[in-house]
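What you see below is based on every heavy atom in this structure, not just the backbone, and it leaves out hydrogens, waters and symmetry mates.
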Amino acid sequence: MYDVVVIGAGPSGATAAEDLARSGRSVAMLDRDGRIKPCGGAVPPRLIQDFRIPDSQIVARISTARMISPTQRKVDIPIENGYVGMVDREHFDEFLRLRAKSAGAHRYTGTFIRIDRSGDTTKVIYRDKVSGNELELETKLIIGADGARSKVANAEVPGGDKIPYVIAYHEIIEAPEPTAHYDPLRCDVIYDGAISPDFYGWVFPHGKSASVGMGTGLDGVDLKKATADLRVASGLANCKTIRREGAPIPLKPMDCWDNGKDVVLAGDAAGVVAPSSGEGIYYAMVGGQVAATAAAACLESGRAKDLKLARKLFMREHKGVFKVLGAMQNAYYRSDARRERFVSLCHDIDVQRLTFEAYMNKKLVAARPFAHIKIGIKNLAHLTGLVSETRV
């Protein structure tokens, strides 16, 4: 009998399992074998510090972000007072799973099938990777960290089948030598409807490799063709392709993260990917952390309502950032004309500084109120067309 079974062992699930195991709880961690999520791999300094990520997992240190508009206008934003770290999910996720195991979590490899409450105890039923047999894990509580389109959320939590998402697709390629198009210390974010009509494309260096991809929430978009076009435009068409991956990325936190009884969600399963940026690793790991806190509180008190702590703790710290980023996406991702104005706005030094201070520290910056007022006025001017792109 486990205290908690964690279903899914990406950054969110592995973090939850590690936290619970270190606190002395008996934990089982169930994950499919060989799953690699498509991801640009960017992690802010706060993640590296808060979750004790060693230098060996940082495959590149990015010093500049380049925004590219539909008309190919380029705005380079220097990352002051630090860097953005890059990880390769193939190795980073396994590092987190091994760390959770070393903390005392029991690791199982297989595919989640269902939760069975027909007897005296709750059982997680899964198909074992090695034997192919259906096996069971008895448990008191369950953390669903099985990603977007979560089977746990769909079966257990209201609204779990209605999370809005985009489909992300990327290709990991062998990185070329530095060129006029490719800088191993720069992330390129491409706001161009020809690549993605409602989200963006990216070129993110990973040291010896690079992630090139895009996302969209619209049906009928050929993700592979869009990525091929992006590779041509970025001078990367002839680079060797190492692997290709695609997956849904949620865009809005769910209103409820638990079933009021014995299940709480974490990470993508709870919808915690930042709007506009699509950033998910940091928020997934925080989601795993608060899910572990809620599960531990529930085990200690015996009160199922303590599972609601997960969402409450997460939203207390990050609701404001998600609200602002959601408004930004709704305002600027609607058309190429809007995206052109968004990239124009990124020329502004106040926008650059406040954006990256918020990204690096995961908080809205309140230290410069006059800068916020200036940005608000400029934002309104760009949205209404009072400022022309050619003037910026």
Any side-chain heavy atom of [X] within less than 4.5 Å of one from [Y]?
X: I143; Y: L20; result: yes
X: Y83; Y: P45; result: no
X: D192; Y: D336; result: yes
X: K140; Y: R25; result: no
X: V59; Y: H91; result: no
X: D93; Y: I36; result: no
X: D183; Y: R66; result: no
X: F51; Y: P11; result: no

Between [X] and [Y], is there a side-chain N and carboxylate O pair less than 4.0 Å apart?
X: D268; Y: K37; value: yes
X: R46; Y: E279; value: no
X: D55; Y: R61; value: yes
X: D222; Y: K224; value: no
X: E134; Y: K123; value: no
X: E94; Y: K101; value: no
X: R243; Y: E90; value: yes

When you measure from the side chain of [X] to the backbone N and O of [Y], does any donor-acceptor pair fall under 3.5 Å?
X: S150; Y: A269; value: no
X: N154; Y: G160; value: no
X: Y108; Y: D128; value: no
X: D146; Y: V152; value: yes
X: D229; Y: V232; value: no
X: D33; Y: T109; value: no
X: R338; Y: A331; value: yes
X: R107; Y: M29; value: no

Parallel, tilted or perpendicular: ring planes of F314 versus H318, cut at 30 and 60 degrees: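 Tilted, since the angle between the ring planes falls between 30° and 60°.
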Partner set under side chain to side chain contact (heavy atoms under 4.5 Å, CB included) for C298, not counting sequence neighbours: L141, D306, L307
Contacts of type side chain to side chain contact (heavy atoms under 4.5 Å, CB included), residue L251, not counting sequence neighbours: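 Applying side chain to side chain contact (heavy atoms under 4.5 Å, CB included) to L251 gives V166, F199, Q329.
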Steps toward side-chain hydrogen bond (donor to acceptor under 3.5 Å, both in side chains) verdict (R149, Y165): CA-CA 9 Å; R149 294 179 179 168; Y165 59 84; 2.9 Å; yes
Spatial distance of atom CG (D188) from atom CD1 (I68) [nearest 0.5 Å]: 4.5 Å
Side-chain H-bond candidate by donor/acceptor type, S276 with Y333, under 3.5 Å: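 Note: S276 and Y333 side chains meet the donor-acceptor criterion.
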Exercise: do E340 and S69 side chains pair donor with acceptor under 3.5 Å: yes
Partner of D258 by salt bridge (charged side-chain N to carboxylate O under 4.0 Å, His left out), out of R311, R303, K308, K305: K308
Which atom pair, heavy atoms only, marks the closest approach of [X] to [Y]?
X: L96; Y: I53; value: CD2-CD1, 4.3 Å
X: L218; Y: T216; value: N-OG1, 3.1 Å
X: G280; Y: V273; value: CA-CG2, 4.3 Å
X: A14; Y: R97; value: CB-N, 4.0 Å
X: K252; Y: P164; value: CB-CG, 3.9 Å
X: G215; Y: W202; value: N-CZ3, 4.1 Å

Test side chain to side chain donor-acceptor pair (under 3.5 Å) applied to H106 - qualifying residues, sequence neighbours left out: Y2
Whether over 12 other heavy atoms sit under 6.0 Å from R32 CZ: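 Incorrect, the count does not exceed 12.
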K225, NZ atom: more than 12 neighbouring heavy atoms under 6.0 Å: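 Counting neighbours around NZ of K225, 12 or fewer heavy atoms of other residues, nucleotides or ligands fall under 6.0 Å, so no.
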Stepwise side-chain hydrogen bond (donor to acceptor under 3.5 Å, both in side chains) check, R89 with S211: CA-CA 11 Å; R89 292 292 297 273; S211 166; over 6 Å; no
Intermediate values then yes/no, side-chain hydrogen bond (donor to acceptor under 3.5 Å, both in side chains), T227 and E171: CA-CA 8 Å; T227 301; E171 297 177 358; 5.4 Å; no
Y191 and Y332 aromatic centres sub-6.0 Å: no
